[in-house]
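Shown next, in structure tokens, is the structure this report addresses.
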Amino acid sequence: MRISALFIVLSYAISAGPAAFAADSLQINFAQSVYDGVEGTGLKHPEGVGCTDDYFVVADTGNNRLVKYTFSDGVAKPAAPEMPVNSPIIVQINSKGVIYALDGDRRIVIINADGSDQGYLAPKGSPVSRKMIPRSFKIDRNDTIHILDISEGVVLILDAEGSYLRHIPVPEEAGFFSDLAVDRQGNVFLVDSTEVALYAAAPGEDRFTALASELGEYANFPTNIAVDGRGTIYLIDKHGGSLVLLNQDGSFLGHRFGYGWKNAQFYYPGQLCINPGGDLFIADRGNSRVQIFTSAQ
Amino acid sequence: MKFRNAKPVLLLVAVAIFLPALCYARADFKLKEGAGGKLCLGCHDGVREAMKKSSVHTPLADGECVGCHNPHASNFEMMMASPQETICYTCHGDLIPDEARSIHKVVGEGQCTLCHDPHASQNRSNLLKKGEELCFECHRELGDKIENNKFSHPPVRENCLDCHGAHASADNIKLLNEATPALCLQCHETDGEAFQTIHKGYPVGKADCTTCHDPHGSNQGAMLYDNVHDPVAKGSCGQCHVAPGSTEPFALKASGYETCMACHYEMINDTLNKSHLHWPLADDKNCMNCHTPHASPEKKLMRGTMLAVCGACHADTLARQERSVTEHPPIAEGDCGECHLPHSSDYQFMLKDDSQRNLCGDCHDWRGHTTHPIGDEFADPRNKNRSVECTSCHRTHGTENTHFLHFSTANELCIQCHATFRR
């Protein structure tokens, strides 16, 4: 086991106690599918979803809009107004309710909680990423913004105001990185879609190391990643239409769901979001819907 | 766990298993003098005749037929003492270096008899045919190309082994005897004035010659690959590169796709204006992920065939097609561009058209294929946000069922939507 993997496992062991190692009993149950936006307009190829305990926002890619849904007692309801954004694909929500969305022009648009437009995210004071092309981005619980900038080959880390904090180069000898995730402890994870591998950088580390390099038996083409509060890593296998679960050290934990059209099946899924309460929201792109799951241990 | 070089490993394991057994068997025969081989020739006239040839396999010459064959009984063809794929390695175990960079496929598979006669031959090393004639038995396409090239590379016509090893290479790709440019510099000098002039003063003697030149010959002057980038053909290296006398003479004038944009402005602008970008286009290798900048044997300066280039990242899709019971010709033939746009698209999956009916209809007469309603105006009964499309029944990259259907029987397929007919 590599040092960073050991560090990540130890950090969970210290912070979460025995629960951190009980992920094998993780239950993920289908709750509902969401098909409609405001006024019954059906979702079209949604690729992204961001979430909190009280609401979630869908990147309704094919309809060029963001749709907000309230989420209370397990019931999702669309809430006006819809927010026009050109082909959004990734959505994040910070602790103040500000919505960030990566759009089809490869820019990160910022929208206030009330739906008003705040403009585009422009990194301030960054010595890298002057021609930033974000492939994905994530906002952690401290509102720190982590951007996977593929043009420069770095993960750019900005504070909530968009000012440069630091950057971590992505591994050179790898395939293609599609997504990143940040866990509660601040560990940053990168998913390599073409080599079907996972990399991690512990808090403060200035480079990524391989956490799991032989995931090809479990996933075809993983494109999205999320980490829950227990430290379980979730990979969306876009081409396999399934969810792959990994332990904090990158070891295989389980496979859930599969390719198809029924509930709890996926057709080329996109972004996955896990809220603090453990609900999972998955943009089921090819099925033009968002599926919601509950998780329990 | 992936086993990318599993065959050589399995081969060595098999040798390790069978070698002791083989040696034991030979000792265990307790043969009388001559019974190990000379006795065999009394019946096996063909082998006796073969021994008149100029090159005879050592065990046969020594009268040791039992070195390879079991005289009594065997589970293997030709009464071999162990499987044909491993028996040669009993004596020739050092053909593949540890951690070999490249291995001749047939050597890795233990198919030695594709090149060598196990008994005797008129050619050295018991080869079935002479030199390149033997190589072109399998590498026929390359042989034809070498035969028909306008500009040939003389050593290639003479002997493949001048540049390539026959079995494996410890350090080099493609079984090369040495890496380029060192291999090329064994014959070619780079400090002459003519060489410097034609290469515009750039120190290409330190670069990989095969990025521009086809070592097997080509139809372009100077054996450049058949498709040459216009600035290279015009000798306008400075259009993209800094001056040859610079500290980094091969450095580009602009970074990333901005270099390409100087000429291909309209195409790149159009690419970036679409909503779904093929992401590798934007990474630090950008256009060079798929294209090569100087010359290529492939059209559009592709790094390889479309199948190879796309498959370098989308190996899972090609693997799916290989497993598929029915082939989808565009994928099997490596023409991904038949359905997908390689740079960017305004449609999901980087498709050329938003309508599957139109896209599939380019090749398939769907009206003749089925009377089933297909198209945007027909909602999928399972999901109101989806319409009935070709992919409602078929998975275009392949399935384990005929006609790449999602399900194995018509009944199972149809009841997905027509649930009332479920039996």
- A:P134, part contacting chain B, at a heavy-atom distance under 4.5 Å: backbone

- Item | Electrostatic pair A:D284-A:R289, nearest N-O below 4.0 angstrom | yes

- Item | Interface moiety of B:E389 toward chain A, non-hydrogen atoms closer than 4.5 Å | neither

- Query: B:Q321 and B:H397: side-chain donor and acceptor closer than 3.5 Å?
  - Reply: no

- Query: Between A:K262, A:R106, A:R285, A:E152, which has the largest tally of heavy atom pairs under 4.5 Å with chain B?
  - Reply: A:R106

- What salt bridge (charged side-chain N to carboxylate O under 4.0 Å, His left out) pairs are there with at least one residue in residues 333-358 of chain B, not counting sequence neighbours? A:K44-B:D354, B:R357-B:E377

- Would a distance-only check, ignoring hydrogens and angles, find a side-chain to backbone donor-acceptor pair under 3.5 Å from B:D283 to B:K285? yes

- Pick one of side chain, backbone, both or neither for A:Y35, based on which atoms fall under 4.5 Å of a heavy atom in chain B. both

- With a 4.5 Å cut-off on heavy-atom pairs, point out which of A:Y267, A:Y268, A:F176, A:Y259 contacts chain B the most. A:Y259

- Can a salt bridge be assigned to the pair B:K384 and A:D36 using a cut-off of 4.0 Å between side-chain N and carboxylate O? yes

- Toward chain B, the part of A:L43 with a non-hydrogen atom under 4.5 Å: both

- Identify which part of B:Y257 has an atom lying under 4.5 Å from any heavy atom of chain A, answering side chain, backbone, both or neither. side chain

- Considering only heavy atoms, which portion of B:A315 lies under 4.5 Å from any heavy atom of chain A: side chain, backbone, both, or neither? neither

- Salt-bridge test for A:K138 and A:D179: reply yes if a basic N is under 4.0 Å from a carboxylate O, no otherwise. yes

- Below 4.5 Å from any heavy atom of chain A, which atoms of B:L272 appear? Answer side chain, backbone, both or neither. both

- So, the part of B:K274 with a heavy atom under 4.5 Å from chain A: the answer is backbone

- Of all of B:S344, B:S392, B:C313, B:A312, which one pairs up most often with chain A through heavy atoms under 4.5 Å apart? B:C313

- Go through the atoms of B:T391 and report whether side chain, backbone, both or neither lie under 4.5 Å from a heavy atom of chain A. both

- Task: Evaluate the ring planes of A:W261 and B:H406, with Trp represented by its six-membered ring, and classify them as parallel (under 30°), tilted (30 to 60°) or perpendicular (over 60°).
- Result: perpendicular

- Message: Are there over 12 heavy-atom neighbours, none belonging to A:R207, within less than 6.0 Å of that residue's CZ?
- Response: no

- Partner of A:S242 under side chain to side chain donor-acceptor pair (under 3.5 Å), chosen from A:H255, A:Q265, A:R256: A:H255

- Message: Report which part of A:T61 has an atom under 4.5 Å of a heavy atom belonging to chain B: side chain, backbone, both, or neither.
- Response: side chain

